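Computed from a predicted structure; not experimentally measured.
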Amino acid sequence: MHRFDHRQEGAPGITHGGLVAAAFDDLFGFLLYRVGELAVTRSLTVEYLRPVLLRTDYEFSAHVRDRSGRRLHVEAAALDADGNPVATAHATFVVVDVEHFEQGNIAGR
């Protein structure tokens, strides 16, 4: 369950679309952690089906659709209390090794 508040407001009473996209991207990161893959976002597409309202609970869920070589294709949805989708997302992630993440920890930066 996730609830956006006034700090994520775009239009009055509605969540900023970029923050909805960030929520999906973060959810995908947790999904990949759960399935044991180190991967980075290659592409992310969000479809906004209805306004994502502030101070309203939404259920976010995600799953891996398939894998093709190093590419993982994932899908997600955000549902309102009645089970209606308000936004969906699909993304492609590329599996990397741990050295990819060590690039950001180089001494002297």
Side-chain angles (χ1 to χ4, degrees):
M1 213 48 86
H2 187 76
R3 176 183 287 229
F4 296 96
D5 64 33
H6 70 280
R7 295 170 297 173
Q8 291 92 32
E9 188 169 42
I14 298 173
T15 306
H16 188 287
L19 295 170
V20 174
F24 278 122
D25 193 42
D26 201 39
L27 175 65
F28 289 141
F30 283 111
L31 171 66
L32 296 173
Y33 173 78
R34 296 274 320 255
V35 299
E37 293 288 359
L38 289 176
V40 294
T41 309
R42 167 85 172 148
S43 64
L44 171 66
T45 301
V46 177
E47 294 195 36
Y48 303 94
L49 307 172
R50 304 170 81 188
V52 179
L53 304 175
L54 301 177
R55 296 175 298 281
T56 301
D57 289 333
Y58 294 99
E59 182 176 334
F60 281 72
S61 62
H63 66 275
V64 176
R65 188 183 76 218
D66 62 57
R67 181 176 185 151
S68 175
R70 291 179 48 217
R71 291 181 185 219
L72 293 165
H73 304 281
V74 296
E75 297 177 333
L79 308 177
D80 65 17
D82 295 324
N84 299 310
V86 295
T88 60
H90 62 271
T92 300
F93 282 78
V94 177
V95 175
V96 296
D97 54 33
V98 71
E99 287 79 22
H100 174 87
F101 296 103
E102 291 172 349
Q103 294 177 54
N105 293 325
I106 295 174
R109 281 193 176 180

Self-check item: For Asp66, all residues meeting side chain to side chain contact (heavy atoms under 4.5 Å, CB included), sequence neighbours excluded
Solution: His73
Exercise. Applying side chain to side chain contact (heavy atoms under 4.5 Å, CB included), name anything that partners Phe30, two or more places apart in sequence or on another chain.
Key: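 Phe30 satisfies side chain to side chain contact (heavy atoms under 4.5 Å, CB included) with Asp26 once adjacent residues are dropped.
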Quiz item: Remaining members of Leu19's ILVMFWY cluster at a side-chain heavy-atom cut-off under 4.5 Å?
Solution: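 None; Leu19 is a cluster of one.
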Quiz item: Looking at residues at least two apart in the chain, or sitting in another chain, which of them share a salt bridge (Lys or Arg N to Asp or Glu O under 4.0 Å) with Arg65?
Solution: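 Counting only residues at least two positions away or on another chain, Arg65 forms a salt bridge (Lys or Arg N to Asp or Glu O under 4.0 Å) with Glu75.
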Practice problem: Could I get the full list of salt bridge (Lys or Arg N to Asp or Glu O under 4.0 Å) partners for Arg3, not counting sequence neighbours? | Solution: Asp57
Within a strict 4.5 Å, meaning less than it, do heavy atoms of the [X] and [Y] side chains meet?
X	Y	result
Leu79	Tyr58	no
Val74	Leu31	yes
Leu38	Val95	no

Quiz item: Under 4.5 Å between side-chain heavy atoms, hopping through other hydrophobics if needed: is there a path connecting Val96 to Leu72?
Solution: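 Shared cluster, no.
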Where do [X] and [Y] come nearest, in terms of heavy atoms and distance?
X	Y	answer
Gly17	Tyr48	O-OH, 2.7 Å
Arg71	Val94	CG-CG2, 4.4 Å
Leu44	Ala91	CD1-CB, 3.9 Å
Ala76	Leu27	CB-CD2, 4.1 Å

Practice problem: Go through the steps to decide whether Phe93 and Leu32 satisfy the test side-chain contact (heavy atoms from CB on, under 4.5 Å), and finish with yes or no. | Solution: CA-CA 9 Å; Phe93 282 78; Leu32 296 173; 3.3 Å; yes
Quiz prompt | Straight-line distance of Thr56 OG1 to Asp5 CG, nearest 0.5 Å | solution = 11.5 Å
Quiz prompt | Any donor-acceptor pair under 3.5 Å from Thr15 side chain to Val52 backbone | solution = yes
Side-chain donor-acceptor distances from residues 80-88 under 3.5 Å, at least two apart:
residue: Asp80; atom: OD1; partner: Asp82; partner atom: N; Å: 3.0
residue: Asp80; atom: OD1; partner: Gly83; partner atom: N; Å: 3.1
residue: Asp80; atom: OD1; partner: Asn84; partner atom: N; Å: 2.9
residue: Asp80; atom: OD2; partner: Arg50; partner atom: NH1; Å: 3.0

Practice problem: Can you run down the salt bridge (charged side-chain N to carboxylate O under 4.0 Å, His left out) pairs that involve residues 13-24, sequence neighbours left out, and say none if there aren't any? | Solution: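 Sorted pair list comes back empty.
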Practice problem: For residues 31-41, pull every pair meeting side-chain hydrogen bond (donor to acceptor under 3.5 Å, both in side chains), keeping only residues two or more places apart or in separate chains. | Solution: Asp25-Thr41, Glu37-Arg67
Exercise. Kindly indicate, with the supporting measurements, whether the criterion side-chain contact (heavy atoms from CB on, under 4.5 Å) is fulfilled by His16 and Glu9.
Key: CA-CA 5 Å; His16 188 287; Glu9 188 169 42; over 6 Å; no
Quiz item: Looking at residues at least two apart in the chain, or sitting in another chain, which of them share a ring-ring contact (aromatic ring centres under 6.0 Å, His included) with Phe4?
Solution: His2
